[in-house]
Number of protein chains: 2
Amino acid sequence: MRHKNNEKSRKIIAAATKIFAKKGFYKAKISEIAKEAGIADGTIYIYFKHKDDILIALFEEKMKEVLGNMKKQISLESDPFAKIERFAYFHLKLIEDNKDMAEIIQVELRQSSKFMKNYQNKKFAQYLDLIGDIIQEGKEKGLISQDIIPGIAKRAFFGALDEMSRFWVLSKRRKYDIETAARQISSYFINGMKN
Amino acid sequence: MRHKNNEKSRKIIAAATKIFAKKGFYKAKISEIAKEAGIADGTIYIYFKHKDDILIALFEEKMKEVLGNMKKQISLESDPFAKIERFAYFHLKLIEDNKDMAEIIQVELRQSSKFMKNYQNKKFAQYLDLIGDIIQEGKEKGLISQDIIPGIAKRAFFGALDEMSRFWVLSKRRKYDIETAARQISSYFINGMKN
DNA sequence: TGTTAAAAAATGAACGATTATTCATATTAA
DNA sequence: TTAATATGAATAATCGTTCATTTTTTAACA
């Protein structure tokens with residue numbers, strides 16, 4: 001019973017991921033999601049109270065996965081600079097491997113504060129903090145200048161990667177390969193923050 | 001006649017800027033915009049064919065202004081690194097001075113490809129190219145390493161600033177002042193791209 | 001193992017609320 | 001007086017959500 005429920009709500013989220021990515025949240029119809037999931041419209045309302053809830057659940061599920069993966073990747077390196085480069089690479093790789101999810105996070109996450117009044121995306125903050133923690137570690141080890149403010153640097157670094165992904169998500173063909181982009185972007189920050 | 005039309009459509013755009021920023025495009029009602037502009041609902045349809053057109057016109061108008069301002073600011077410096085720092089400062093200042101516009105660009109511009117199938121935001125591309133050109137100039141003058149790919153670096157730099165603005169736009173209080181953020185972010189890139 | 005009744009899950013047509021857009025009419029300017 | 005603008009009530013289409021009904025699952029019992 002418990003098992004089956006999870007199975008079906010995951011199926012709905014998978015369908016919603018596809019439809020939200022294609023049409024955007026507002027233009028996506030419940031009936032389309034239902035059709036994509038191979039169920040009746042009404043069934044969705046057994047698993048989710050409102051349309052909004054599907055998007056929230058989608059964020060939670062995807063961000064949990066992303067966060068878990070990235071934590072594991074970072075733990076494979078000990079040097080802060082190597083961690084930064086690995087973060088860049090896997091962030092971009094993630095986007096590439098999950099275009100639909102990426103597009104939703106890119107586009108709909110931005111609006112989240114608008115249509116979901118009190119939804120605080122804690123998982124996203126934690127994701128940012130992965131970068132902040134690496135920078136902090138670098139400062140403590142004397143590798144990164146004491147002038148660097150982690151709260152700014154973590155956002156700048158994430159923003160740089162994020163803009164690169166947006167470019168990929170919205171354009172048809174990828175102009176630069178992942179390795180190159182990850183190496184370039186992380187090198188700006190690594191060299192720029194060095195002690 | 002020409003004069004009056006422009007005057008009124010600017011009034012509508014100003015009202016729309018306020019309402020779109022507060023509610024987001026989809027939740028903003030034409031009737032609200034009309035009320036804010038002090039005109040009747042139907043009047044909007046004399047100046048704009050659809051709701052979408054208001055948003056497109058809004059982008060065009062704001063981006064044109066932003067682009068013009070930034071071009072002027074950049075031209076005040078001759079050193080590429082100084083240009084980069086000035087770009088960072090005025091970009092962030094612009095956000096601060098035009099919160100409503102910033103919020104719309106942050107949030108709604110992201111969706112533009114979704115609801116306006118064939119609207120290519122050329123002004124935005126030009127804005128990015130301002131950065132690309134500075135980097136190119138820096139390479140030619142031997143200040144910036146030949147390894148730096150302007151197409152990646154311009155997006156990374158813009159993304160870094162953009163993420164910082166998003167943080168400001170979506171949060172109540174500003175944690176870091178503009179000068180600090182601009183100096184930090186531009187220093188990562190300047191030092192990171194140096195020859 | 002097969003039967004069956006109660007519970008749970010699923011269905012999809014119908015409802016009702018919302019809102020972009022239109023247009024017959026009124027107002028203002030030329 | 002005529003043309004251009006503006007009005008806002010009415011229209012029409014859209015869709016999220018509900019719920020009476022049907023189907024499937026569960027588990028109790030012979």
Side-chain angles (χ1 to χ4, degrees), chain A residues 1-59 104 107-108 111-112 114-119, chain B residues 1-59 104 107-108 111-112 114-119:
Chain A
M1 203 190 295
R2 184 79 198 294
H3 208 80
K4 270 222 163 153
N5 274 356
N6 279 342
E7 207 177 273
K8 190 149 284 184
S9 70
R10 250 189 264 115
K11 209 161 109 185
I12 294 169
I13 288 175
T17 304
K18 209 164 171 178
I19 304 296
F20 286 163
K22 188 154 61 186
K23 309 253 182 147
F25 178 78
Y26 286 102
K27 290 205 167 176
K29 292 173 220 147
I30 290 290
S31 59
E32 278 180 293
I33 297 171
K35 196 178 166 192
E36 175 73 34
I39 57 175
D41 296 16
T43 308
I44 287 181
Y45 287 86
I46 297 167
Y47 297 92
F48 299 95
K49 232 168 156 32
H50 308 289
K51 193 183 174 189
D52 289 6
D53 291 339
I54 304 176
L55 188 53
I56 292 175
L58 191 159
F59 282 154
I104 294 173
V107 173
E108 310 298 340
Q111 302 211 315
S112 58
K114 285 229 143 40
F115 70 90
M116 302 181 271
K117 269 283 176 276
N118 40 20
Y119 173 61
Chain B
M1 201 190 294
R2 184 81 199 293
H3 209 81
K4 270 220 160 154
N5 272 357
N6 278 343
E7 207 176 273
K8 189 149 284 184
S9 69
R10 249 187 266 113
K11 211 162 110 184
I12 294 168
I13 289 175
T17 304
K18 208 164 172 180
I19 306 295
F20 286 163
K22 188 154 61 186
K23 308 255 181 144
F25 178 76
Y26 285 103
K27 290 206 169 175
K29 292 174 223 147
I30 290 291
S31 60
E32 276 181 295
I33 296 171
K35 196 178 166 191
E36 175 72 34
I39 58 175
D41 297 15
T43 308
I44 287 181
Y45 286 86
I46 296 167
Y47 297 92
F48 299 94
K49 229 168 158 36
H50 307 287
K51 192 184 175 189
D52 288 6
D53 292 338
I54 305 175
L55 187 53
I56 292 175
L58 190 158
F59 283 153
I104 293 171
V107 173
E108 311 297 341
Q111 300 211 317
S112 57
K114 284 229 143 37
F115 71 88
M116 303 180 271
K117 267 283 176 274
N118 42 20
Y119 173 61

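Note: hydrogens, waters and symmetry copies are ignored here, and every other heavy atom, side chains too, is used. Below, chain A is the first sequence line, B the second, and so on; all start at residue 1.
- Between A:Y47 and C:dA9, a side-chain N or O to OP1/OP2 separation shorter than 4.0 Å is absent.
- Between D:dG16, C:dG12, C:dT21, one nucleotide has an atom nearer to the side chain of A:A40 than all others, and that is C:dG12.
- Across all non-hydrogen atoms, the minimal contact from B:A16 to B:I54 is CB-CG2, 3.5 Å.
- Summarising the geometry, the separation between NZ on A:K23 and C1' on D:dC15 is reported as 13 Å, rounded to the nearest angstrom.
- Computed from coordinates, the A:E7 CD to D:dT25 P distance equals 12 Å when rounded to whole Å.
- Regarding B:I39, its CD1 atom lies at a distance of 10 Å from the C1' atom of D:dT7, rounded to whole Å.
- Along DNA chain D, the nucleotide nearest A:T43 and the nucleotide nearest A:I30 are compared for position; the residue whose nucleotide lies closer to the 5' end is A:I30.
- Here the closest non-hydrogen pair linking B:I12 and B:I39 is CG1-CD1, 3.8 Å.
- The interatomic distance linking A:F20 (CZ) with D:dG16 (C1') rounds to 12 Å, in whole Å.
- When each of B:K18, B:K29, B:K22 is tested with B:E36 by the rule salt bridge (Lys or Arg N to Asp or Glu O under 4.0 Å), just one qualifies, namely B:K18.
- Within the 4.0 Å cut-off from OP1 or OP2 of D:dT17, at least one side-chain nitrogen or oxygen of A:H50 is found.
- Put simply, NZ on A:K49 is 12 Å from C1' on D:dT18, counting in whole angstrom units.
- Taking the side chain of A:I46 as heavy atoms from C-beta on, and the options D:dA6, C:dA9, C:dT21, the nearest nucleotide is C:dA9.
- Here the C1' atom of nucleotide D:dC19 and the CG atom of A:D41 are 14 Å apart, to the nearest Å.
- What separates OH of B:Y26 from C1' of D:dT14 is a distance of 14 Å, to the nearest Å.
- At whole-Å resolution of the value, OH in A:Y45 and C1' in C:dA14 are 15 Å apart.
- Checked by atom type and distance alone, the side chain of B:K51 pairs as donor or acceptor with a backbone atom of B:F25 at under 3.5 Å.
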